[in-house]
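Each remark here refers to the structure printed beneath this line.
The shown structure was predicted, so the numbers you read here are calculated from the model rather than taken from an experiment. Here is the naming used below: chain letters follow the sequence lines, and residue numbers restart at 1 for every chain.
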Number of protein chains: 2
Amino acid sequence: MRTQARLHAPMRSAEFDKEHVLRQAMTAFMQHGYSKTSMQKLTQATGLHPGSIYCAFNNKKGLLLASVEQYQKDKNAQFAQLCASHDNIKSALQAFLTDIAHPCASNEATKVCLLTRTLSEVDGQDDEVTQVLSNNLSAFERSLEDVLNKAMKKGEISSKPSAKERAQFLVMGIYGLRTYASTGNDTQALNRLSEQLLEYVLR
Amino acid sequence: MRTQARLHAPMRSAEFDKEHVLRQAMTAFMQHGYSKTSMQKLTQATGLHPGSIYCAFNNKKGLLLASVEQYQKDKNAQFAQLCASHDNIKSALQAFLTDIAHPCASNEATKVCLLTRTLSEVDGQDDEVTQVLSNNLSAFERSLEDVLNKAMKKGEISSKPSAKERAQFLVMGIYGLRTYASTGNDTQALNRLSEQLLEYVLR
DNA sequence: AGTAATCTTGAATGTGCGTTCAAGATTACA
DNA sequence: TGTAATCTTGAACGCACATTCAAGATTACT
C-alpha cells in the first residue's frame, strides 16, 4: 500500500528528514493559515513533490496533523529546557512570557500559535482536528499546572489560588496576549500586559 | 454604473432591508469564517442573488466590510444600552462579561467575535481589511476606557492603574476568554475566569 | 397600452484548488 | 549486466469557488 517517500536526490535510499519537513510545513501553516496554505506552497516549503507528501502523510490534513504533533514536541522540549535553566518560578515564567511576547511584536511566522490559529480556523468544520488541537492545548495547560505545583511545594507561591486556577488564568492571558498583539503591535503595552499577567498569576 | 439592487419580490421598488441582509451575512461569516463562507452560502443566508450582492457591495470583500460596519454599530448600541441600565461600573462590566462568556459556552454563531476571528484569518493577506478590523477593535477599547474614566470621576475605582491600562488588560482578557472557551467549554472555569478578570481590572 | 430605462436572475466563465496515477528513474539483487 | 521491484515526478483531473453578463422581468412615464 503506502510506503515512505524519498527525497529529491535519490542517490541514497535514506528517507527525507521528517522533522525538517514538518518544521517547514508548520511554518507555512502558521504564516498563511491551514486552508490558504496550498499544496503548491507546501511542496515549495518542504521540497517534497505532491506524490511524496500524499505517500508519507495521506493528504493535506495528514500533513497538518503531523505538523501539529511536531509543533507540540518542539514546544514541550523548549518549555522543559526553559524550566531547567531557571531555579524559581517567577524568572522561569518571565522568560516564558518574553519568548511569547517578543515574536508577537515582530512579523515572524512564529508570532502566532499553530494550535490556536488552526483551532479558530477549523472550529465546527472538522471534529478530528479540533479534538487533536484541544487535547494538545489542554496538555500544555497541565504542564504549566505541574510547574506551578512544584513551586508551591517549594514554598515560592501560596496554595490558595490552586495551581489549576493559576494555570487556567495564565493560559487565558497568553491567548489574549497574542490576539491583542495581532491588533497592532504596541511593544510597550504588550510588555506591561505580560508583566501584569505574571504578577496576578503569582499573586 | 452600479446602482442599488432590489429584493426577490420586485412588486415594490423598495430596496432590500440592508440591515437584515448584513446581519444574516455577518452570522454566516462568524459561523464559517470568511474564506469558507462561499457566495452560495451568502446567497442562501441573505436571500439575495449573486448579481444583487455584487451590485450592492461590489464583491465578497465589500460584503464583509459592510457586515463588519454593521457588527460594530450593533455592538456599540448594545454596549451603550448596557451602560445606561447599570448605575455602577462593576455591575455593568459584570453584565458585559456575562454576555460574552455565556454564548461562548454554547454553539451559537455569536460565540465568536466577527472582528477577531476575521482578523486572525486575513492577517498578513489583506492590509485594508486588517486596518478596518484593528481600527474597530481599538475604537471599542476606547469605549471601555471612557466608561472606566467616568467610574473614576465618580470615585468608584482608584486612578492608579489608569483607565487605559485597565481597558487594555480587560480587552486582552476578553480575547483570551473567547479563545479559552473554544478549546473546550467548561462553563464553570469560564465563569471563574471572567470573575477573576473583573476583580483584577477593578482592583 | 406602449416604450424606454432599470432591475433581477442564474447559467456560464475562468481560475485555483486537492488529489491521482502512469511514465520514467533508481535501486537491489542475481 | 539484466531484471524485477520500488520510488519519484509533475502533468492531468474533477471540483468548487468568486465573478460576470446577457436575457428576461418589472417599472415609470406618456
Could you tell me the separation between the [atom1] atom of [X] and the [atom2] atom of [N], rounded to a whole number of Å?
X: B:His32; N: D:dC17; atom1: NE2; atom2: C1'; result: 15 Å
X: B:Met39; N: C:dA12; atom1: CE; atom2: P; result: 19 Å
X: B:Lys61; N: D:dA18; atom1: NZ; atom2: C1'; result: 14 Å
X: A:Gln40; N: D:dA11; atom1: CD; atom2: C1'; result: 13 Å
X: B:Leu63; N: D:dT19; atom1: CG; atom2: P; result: 11 Å
X: B:Ile53; N: C:dT9; atom1: CD1; atom2: P; result: 12 Å
X: B:Asn58; N: D:dT20; atom1: CG; atom2: C1'; result: 13 Å
X: A:Leu64; N: C:dG18; atom1: CG; atom2: P; result: 12 Å

Base, sugar-phosphate alone, or nothing: which one does B:Thr37 contact when heavy atoms must sit under 4.0 Å apart?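 Result for B:Thr37 = sugar-phosphate.
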Residue mapping more 5' on DNA chain C - nearest nucleotide basis, A:Lys36 or A:Pro50: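 Nearest-nucleotide comparison on DNA chain C picks A:Lys36.
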The side chain of [X] lies closest to which of these nucleotides: [options]?
X: A:Asn59; options: D:dC17, D:dT9, C:dT19; value: C:dT19
X: A:Ser52; options: C:dG18, D:dT9, D:dT20; value: D:dT9
X: B:His49; options: C:dC17, D:dG10, C:dG10; value: C:dG10

Are B:Lys73 and B:Glu69 close enough for a salt bridge, meaning some N to O gap below 4.0 Å?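 Salt bridge: no.
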Under a 4.0 Å N-O cut-off, is there an ion pair linking B:Lys111 with A:Asp123?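 Salt bridge between B:Lys111 and A:Asp123, a charged N being under 4.0 Å from a carboxylate O: yes.
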Among all residues two or more places apart in sequence or in another chain, which pass the side chain to side chain contact (heavy atoms under 4.5 Å, CB included) test with A:Arg203?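 Testing A:Arg203 for side chain to side chain contact (heavy atoms under 4.5 Å, CB included), a comparison that skips the adjacent residues, returns A:Pro161, A:Tyr200, B:Gln196.
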Closest approach of A:Glu128 and A:Leu65, non-hydrogen atoms and distance?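 A:Glu128 and A:Leu65 have their closest heavy atoms at OE2-CD1, 3.8 Å.
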